[in-house]
Amino acid sequence: MSVLEIMDSAAPTHVAHRDNHTHRDVNGGWLRPAVFGAMDGLVSNLALMTGVAGGSVAPGTIVLTGLAGLAAGAFSMAAGEYTSVASQRELVQAELDVERAELRAHPKDELDELAALYVSRGVEPELARQVAEQLSRDPEQALEIHAREELGIDPSDLPSPAVAAISSFGSFALGAILPVLPYLLGATALWPAVLLALVGLFACGAVVARVTARSWWFSGLRQLALGGAAAGVTYILGTLFGTAVG
């Protein structure tokens with residue numbers, strides 16, 4: 001029996017895939033963060049613009065507010081995402097350094113730990129020992145296996161802070177520009193901006209259904225209702241504050 005066959009026998013989740021069926025991408029891949037970033041920009045900028053519009057200000061002021069909200073939100077998202085991912089990556093690297101040092105200083109203990117892991121998954125002790133010894137011959141492979149099993153990470157697939165920041169900036173800006181577009185194209189009333197934004201919210205919700213068990217129309221209507229409620233509340237608040245200030 002080969003090492004790959006042994007590892008496959010130790011992981012029951014692999015059995016299902018021999019029946020040639022597939023599962024949804026539960027992590028969402030790139031789609032989930034991109035859609036939610038756009039949705040965040042759309043809802044926040046729509047709410048910001050409707051709140052200002054409720055104060056009965058000039059269309060130019062609403063456009064300026066929307067563009068300022070787009071820039072501020074996109075840069076904030078990018079900075080926050082960069083810092084978050086960079087910090088996470090640095091923490092992972094530090095833990096990998098600890099694991100690498102342990103493998104050098106206590107190779108037998110680490111080998112025993114790996115063998116015990118396979119035993120806990122149903123592999124016979126002698127066979128588990130053989131597997132652990134073969135996998136531990138390559139220090140980098142041993143590090144990768146220990147990192148996967150103990151830390152739940154893949155050292156070869158760590159997220160990039162720059163990519164995270166750029167994608168967050170772009171997806172947020174894409175969503176935030178939608179309610180501003182009608183004004184940039186000559187509209188002077190609020191309703192075209194609200195209408196376009198609500199269509200965008202429904203579309204985002206429908207796309208999110210690709211990574212959930214919900215139907216596209218349910219997800220679309222739910223997001224439309226939530227975004228519409230946020231815009232409605234801020235419009236009412238803007239009207240009240242505008243009247244009070246005026």
Side-chain angles (χ1 to χ4, degrees), residues 1-37 40 77-171 207-213:
M1 182 180 290
S2 69
V3 172
L4 290 177
E5 290 172 330
I6 294 169
M7 293 179 68
D8 186 54
S9 67
T13 54
H14 291 174
V15 176
H17 297 281
R18 285 198 285 268
D19 296 329
N20 295 321
H21 75 273
T22 58
H23 295 285
R24 287 185 177 89
D25 180 4
V26 295
N27 293 320
W30 61 268
L31 181 64
R32 183 183 179 88
V35 172
F36 277 97
D40 188 15
M77 285 285 291
E81 196 70 15
Y82 183 92
T83 302
S84 174
V85 174
S87 299
Q88 179 187 11
R89 189 183 179 95
E90 290 165 1
L91 174 61
V92 169
Q93 293 288 4
E95 291 299 316
L96 288 175
D97 289 340
V98 171
E99 192 63 35
R100 188 178 286 108
E102 285 295 314
L103 285 168
R104 284 197 299 262
H106 309 287
K108 185 178 182 303
D109 291 341
E110 293 297 313
L111 190 149
D112 292 341
E113 185 179 350
L114 189 59
L117 174 68
Y118 289 125
V119 170
S120 70
R121 293 187 174 183
V123 181
E124 293 294 330
E126 184 178 350
L127 191 55
R129 184 75 181 186
Q130 293 176 11
V131 173
E133 288 176 350
Q134 290 185 48
L135 295 176
S136 299
R137 289 173 184 171
D138 181 351
E140 287 304 312
Q141 178 176 254
L143 175 63
E144 181 175 337
I145 293 171
H146 280 275
R148 287 176 184 271
E149 301 295 348
E150 297 179 31
L151 304 176
I153 59 172
D154 183 354
S156 63
D157 190 30
L158 298 181
S160 166
V163 171
I166 293 171
S167 60
S168 294
F169 183 97
S171 60
V207 172
V208 168
R210 290 189 57 184
V211 292
T212 66

- prompt: If you take all heavy atoms of Ala142 and Leu103, which pair is closest and at what distance?
  reply: C-CD1, 4.1 Å

Sequence neighbours excluded and cut-off under 3.5 Å, please list the side-chain donor-acceptor pairs for residues 87-97, or say none.
residue, atom, partner, partner atom, Å
Ser87, OG, Thr83, O, 2.8
Arg89, NH1, Leu158, O, 3.4
Arg89, NH1, Pro159, O, 2.8
Asp97, OD1, Arg100, NH1, 2.9

message: How close do Pro161 and Ala86 get, counting heavy atoms only, and between which atoms?
response: CG-CA, 3.7 Å

message: Tyr82: which residues meet the ring pair (Phe, Tyr, Trp, His ring centres under 6.0 Å) condition with it, sequence neighbours left out?
response: none

Ala128 to Ala115 - nearest heavy-atom pair and separation: CB-O, 3.5 Å

message: Restricting to side-chain hydrogen bond (donor to acceptor under 3.5 Å, both in side chains), what partner residues turn up for Asp109, sequence neighbours left out?
response: none

field: Glu124: partners by side-chain hydrogen bond (donor to acceptor under 3.5 Å, both in side chains), with sequence neighbours left out
entry: none

message: Please enumerate all residues that pass side chain to side chain contact (heavy atoms under 4.5 Å, CB included) together with Glu144, with sequence neighbours excluded.
response: Arg148, Asp154, Pro155

statement: Closest heavy-atom pair, Val119 versus Pro125, reported as atoms and distance to 0.1 Å, is CG2-CA, 3.7 Å

task: Determine yes or no for a side-chain-to-main-chain donor-acceptor pair under 3.5 angstrom, with Ser136 supplying the side chain and Glu133 the backbone.
output: no

message: Strictly distance-based, threshold 3.5 Å: is any side-chain N or O of Ser168 a donor or acceptor partner for the main-chain N or O of Ala165?
response: no

message: If the condition is side chain to side chain contact (heavy atoms under 4.5 Å, CB included), which residues does Asp138 pass it with, not counting sequence neighbours?
response: Glu140, Gln141

Steps toward side-chain contact (heavy atoms from CB on, under 4.5 Å) verdict (Glu149, Glu113): CA-CA 10 Å; Glu149 301 295 348; Glu113 185 179 350; over 6 Å; no

- prompt: Do His146 and Leu151 pass the side-chain contact (heavy atoms from CB on, under 4.5 Å) test, and can you show the C-alpha distance, the side-chain angles, and the key distance before you say yes or no?
  reply: CA-CA 8 Å; His146 280 275; Leu151 304 176; over 6 Å; no

field: Spatial distance of atom CD (Gln130) from atom OH (Tyr118) [nearest 0.5 Å]
entry: 13.5 Å

